[in-house]
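This chain uses plain numbering: 1 for the first residue, then up along the sequence. None of these values were measured; they are calculated from a predicted model. Atoms within each ligand, like the ligands themselves, are counted from 1 in listed order.
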Amino acid sequence: MARWTDEMGLRLGILVMAAGKGTRMRSGLPKVLHPILDAPMLGYLLRSVLGCGADEVAVLVGSGGEQVEEYLRSFPDVKTLWQREQLGTGHAVKVTRDWWERFDSLLVLNGDLPLLRPETLNDLLNRCRKDPADGTLLTFDACNPDGYGRVVRSPGGVRIVEHKDASDEERLVREVNAGCYFFATASLARVIDRIGNDNAQGEYYLPDVISLMTGEGMRVRALPMPEEEMMGVNTQAELAGVTRILRDRIALGWMERGVRIMDPSAVWIGPDVELSPGVRVMPNVQIWGRTRVGEDCFIGPGCILTDAVLGRDVVLIANVVLENSELCDAAKAGPFAYIREGSRLESRAFAGKFVELKKTTVGRNSKVPHLSYLGDARLGEDVNIGAGTITCNYDGKSKHPTTIGDRCFVGSDTMFVAPATMGDDASTAAGSVITEPVPEGALGVGRARQRNVEGWTSRRKKLERQGG
Ligand code: UD1
Ligand code: CA
């Protein structure tokens with residue numbers, strides 16, 4: 001993308017205001033760090049902003065600023081500025097003056113605008129470049145304008161009246177200030193110190209700049225935008241509303257690229273996930289983190305995937321929970337499997353009903369079909385694990401490994417007291433407690449031999465009749 005400065009020789013700075021308390025969230029977490037799907041709200045706006053080719057992007061932090069600053073470490077191109085006392089959005093722009101005076105133009109954004117698309121920002125920047133003004137602000141028609149600053153248009157120009165300062169008549173106005181402004185910094189510098197705080201909240205309001213500019217005979221305009229991108233987040237309910245919109249947007253994006261989603265309203269996909277064409281996703285699925293899903297995989301109902309890697313043609317039948325694990329081509333799991341950190345199903349391997357795997361590799365074509373716990377285990381190829389097999393990998397102090405060779409047959413209800421090993425082509429008898437290595441080709445039997453007590457039932461009944 002062309003840098004802003006390429007075309008005009010003008011320098012652009014972008015200031016994201018994120019120092020406010022976010023009181024209406026009623027939460028200890030700074031507002032901009034509240035998660036949407038599985039990423040902080042601020043991340044969505046920064047993704048859009050970083051595509052604009054600005055010379056510098058800064059985030060203003062204050063309330064809960066250490067936490068926000070910590071999060072910003074994942075954005076090395078973003079500068080952190082501090083507003084130690086939060087006296088309002090006008091004050092926020094005032095205290096950053098030394099920073100923004102170095103640019104010709106300044107885009108100021110409220111930090112709580114996660115729906116703003118990069119294309120919309122670019123259109124705005126292009127428009128301001130082609131048709132310069134001293135101040136531009138974005139507005140939208142709100143379904144429910146409560147809490148927003150109202151855009152009052154009159155022959156004398158436009159001004160913003162905050163909800164708390166508005167008259168009943170002004171409150172009827174549905175066009176509201178979106179919290180996104182573009183300024184010529186030289187013009188902004190002329191009026192910024194004249195913002196006062198004589199209002200219902202005793203705060204310095206940035207939108208007052210608009211009337212101050214108009215009063216100076218400067219060129220000011222208010223551009224209407226679609227509500228779907230300009231909604232701010234101030235409450236938990238608005239956060240949930242915005243989350244639904246982003247969920248639908250992300251699902252739609254994947255459907256456009258050939259992913260089949262039966263019910264997009266019941267599928268939750270994080271912003272960093274990558275899906276491939278031909279993937280089918282059934283209802284009530286959640287896909288989070290850096291999960292990657294290869295072509296033609298089937299993700300059945302109720303699955304939750306976090307940081308998982310799936311090859312091609314993987315089948316998750318239903319209710320599979322995958323965490324930080326890899327399933328290679330044509331592997332299969334579920335229903336009701338829990339595959340935990342550091343596990344791997346190699347090609348065509350299977351983990352079935354009520355199976356838990358932790359840090360376990362299941363080799364090619366190997367099967368763990370039912371009711372097993374395998375932890376810290378490594379299984380070779382073509383292994384069959386009988387129902388109820390358990391690795392006793394924890395001795396109360398530390399974890400120990402279990403290693404099973406190729407083509408092994410593990411009888412049902414085998415306990416491997418780890419560290420445990422089985423050579424290739426070995427077997428265990430059902431119900432065995434394996435405490436010694438099973439050599440290649442051997443059968444490990446570790447259980448008491450059966451003995452039958454003849455006539456036991458009739459003897460017992462006789463004793464009962466005698467009242468014994
Ligand atoms: C603001 C606008 C309002 C607009 C609305 C759009 C003002 C006075 N009002 O209201 O016209 O309709 O956004 O959502 O600007 N912040 C700071 N430092 C501060 C105060 C706020 O950095 O001292 C940041 C906040 O973290 C937030 C943004 O500025 O990201 C907006 O603050 P917020 O309190 O949400 O403003 P609103 O009352 O919603
Ligand atoms: Ca707001």
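Looking only at atom types and distance, the side chain of E101 has no donor-acceptor partner in the side chain of W99 under 3.5 Å away. A donor and an acceptor atom, one from each side chain of E229 and T120, are located under 3.5 Å apart. The closest side-chain donor-acceptor pair between K31 and N234 falls under 3.5 angstrom. A side-chain donor-acceptor contact under 3.5 Å links D376 and N393. No hydrogens or angles considered: nothing links the side chains of E203 and H91 as a donor-acceptor pair under 3.5 Å.
Considering backbone and side-chain N/O of V32, none are found under 3.5 Å from N/O of ligand 1. Considering backbone and side-chain atoms alike, G147 places every N or O at 3.5 Å or more from each N or O of ligand 1. Considering both main-chain and side-chain atoms, L60 never comes within under 3.5 Å of ligand 1 through any nitrogen or oxygen pair.
Near G111, with a cut-off below 4.0 Å to any heavy atom, the atoms of ligand 1 are 30 (O). Heavy-atom contacts of D112 reach the following atoms of ligand 1: 30 (O), 35 (O) (cutoff under 4.0 Å). Annotation for ligand 1: atoms under 4.0 Å from non-hydrogen atoms of G88 are 19 (C), 20 (C), 23 (O). The contact set between ligand 1 and N234, taken as ligand atoms under 4.0 Å from a residue heavy atom, comprises 35 (O), 39 (O). Taking every heavy atom of A178 and a limit of under 4.0 angstrom, the matching atoms of ligand 1 come to 6 (C). Of all atoms in ligand 1, listed by their number and element, those nearer than 4.0 Å to a heavy atom of R24 are 37 (P), 38 (O), 39 (O).
The shortest separation from a heavy atom of A18 to ligand 1 is under 4.0 Å, placing the residue in contact.
Within the cation-pi definition used here (under 6.0 Å to the ring centroid, within 45° of the axis), K367 does not qualify as a partner of F350.
Residue K31 touches ligand 1 through its side chain alone, judged by heavy-atom distances below 4.0 Å. At a 4.0 Å heavy-atom cut-off, ligand 1 touches A19 through backbone and side chain alike. Residue E85 does not touch ligand 1, judged by heavy-atom distances below 4.0 Å. Of all the heavy atoms of S63, none lies under 4.0 Å from any atom of ligand 1, so neither backbone nor side chain is involved. When non-hydrogen atoms are compared, ligand 1 lies under 4.0 Å from the backbone of L87 (N, CA, C, O) but not from its side chain. Neither the backbone nor the side chain of H91 has any atom closer than 4.0 Å to an atom of ligand 1 (non-hydrogen atoms only).
Crowding of R378 atom CZ: a count of heavy atoms from other residues, nucleotides or ligands under 6.0 Å not exceeding 12.
Note on R24 versus E238: no salt bridge recorded, every NZ/NE/NH1/NH2 to OD/OE distance being 4.0 Å or above. Ion pair R150/D165 not flagged as a salt bridge, since none of the NZ, NE, NH1 or NH2 atoms sits closer than 4.0 Å to an Asp/Glu carboxylate oxygen.
A centroid separation of less than 6.0 Å is found between the aromatic rings of Y148 and F140.
S154 contributes atom OG, which lies 6.5 Å from atom CZ of R159 (distance to the nearest 0.5 angstrom).
Around atom 4 (C) of ligand 1, the closest heavy atom drawn from I210, V93, N177 belongs to N177.
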